Amino acid sequence: DTAVSQTPKYLVTQMGNDKSIKCEQNLGHDTMYWYKQDSKKFLKIMFSYNNKELIINETVPNRFSPKSPDKAHLNLHINSLELGDSAVYFCASSQERPPNTGELFFGEGSRLTVL
Amino acid sequence: AQSVTQLDSHVSVSEGTPVLLRCNYSSSYSPSLFWYVQHPNKGLQLLLKYTSAATLVKGINGFEAEFKKSETSFHLTKPSAHMSDAAEYFCVVSALPNDYKLSFGAGTTVTVRA
């Protein structure tokens, strides 16, 4: 039973399109995250929600909009996709807020390719 | 501000030999430190963490790391590498009490030669 699951795993789309990535965790955690991993493997946090409340909102273009319908789900919607949005997007969850005494549980990633 | 530097972008070892991955951190507060591993096409998995208890931390798969405050280091070691250890390794720091963010290092790619 997958703890943090993301769909789709691969996404290839054209510039200018709008796409969504979904994430669900069955660990009962209160906090969820979206991270972006670029081609050099560098990981950068984008957003974090705690019990459906936005608690981290890094400097990302407002074309990116997270949505948390409940604490087990955190979706990422991207409008007007650009070439630079090509990356692997990881969803993660943690029991604690902040996460500095706990661990993050990551999904397997969603590889987005914008042509 | 907090930051972490992984001193080697790539480490290559022979199977059965020791592995050393180096990590230095910078922090104004007492840090919590982590090592994560990412196997190809997989998410990150926690190997071990230091949160101000024992300075020598043991993790999964035979890995351990030692927190050295005087050297601001948190190096990861394993006595004997296995082929399955080939992966990307990330050193991570969290320092401010009210900072929800983790700072990730740039990663070290480990290859294991048969």
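The analysis underlying the following values was restricted to heavy atoms, covering all of them including side chains, and did not include hydrogens, waters or symmetry mates. Every chain is numbered from 1, with letters handed out A, B, ... down the list of sequences. As the structure is a prediction and not an experimental result, all values here were calculated from the model.
- Residues A:Gln37 and B:Gln38 have side chains that bring a donor and an acceptor to within less than 3.5 angstrom of each other.
- No continuous path of ILVMFWY side-chain contacts below 4.5 Å connects A:Val4 to B:Ile60, so the two sit in separate hydrophobic clusters.
- Here OG of A:Ser48 is found 9.5 Å from CG of B:Leu102. Values are rounded to the nearest 0.5 Å.
- In terms of heavy-atom proximity, A:Lys9 sits nearest to B:Asn41 at NZ-O, 4.2 Å.
- Between A:Phe105 and B:Gln45 there is no side-chain heavy-atom pair separated by less than 4.5 Å.
- Each of B:Phe63 and B:Leu56 belongs to its own hydrophobic cluster when Ile, Leu, Val, Met, Phe, Trp and Tyr are linked at side-chain heavy-atom distances under 4.5 angstrom.
- No more than 12 heavy atoms of other residues, nucleotides or ligands shown are found within 6.0 angstrom of NZ on A:Lys22.
- Under the 4.5 Å side-chain heavy-atom criterion for Ile, Leu, Val, Met, Phe, Trp and Tyr, A:Leu11 and A:Phe64 are members of the same hydrophobic cluster.
- Residue contact with chain B, scored on non-hydrogen atoms closer than 4.5 Å, is absent for A:Lys44.
- The hydrophobic clustering, which links ILVMFWY residues whose side-chain heavy atoms are closer than 4.5 Å, places A:Leu76 and A:Ile56 apart.
- Inter-residue side-chain proximity for A:Leu43 and B:Leu44 is flagged as met; some heavy-atom pair is nearer than 4.5 Å.
- Taken together through direct or relayed side-chain contacts under 4.5 Å among Ile, Leu, Val, Met, Phe, Trp and Tyr, A:Ile78 and A:Phe90 form parts of separate hydrophobic clusters.
- Judged purely by atom type and a 3.5 angstrom limit, B:Tyr36 uses its side chain to pair as donor or acceptor with the backbone of A:Leu104.
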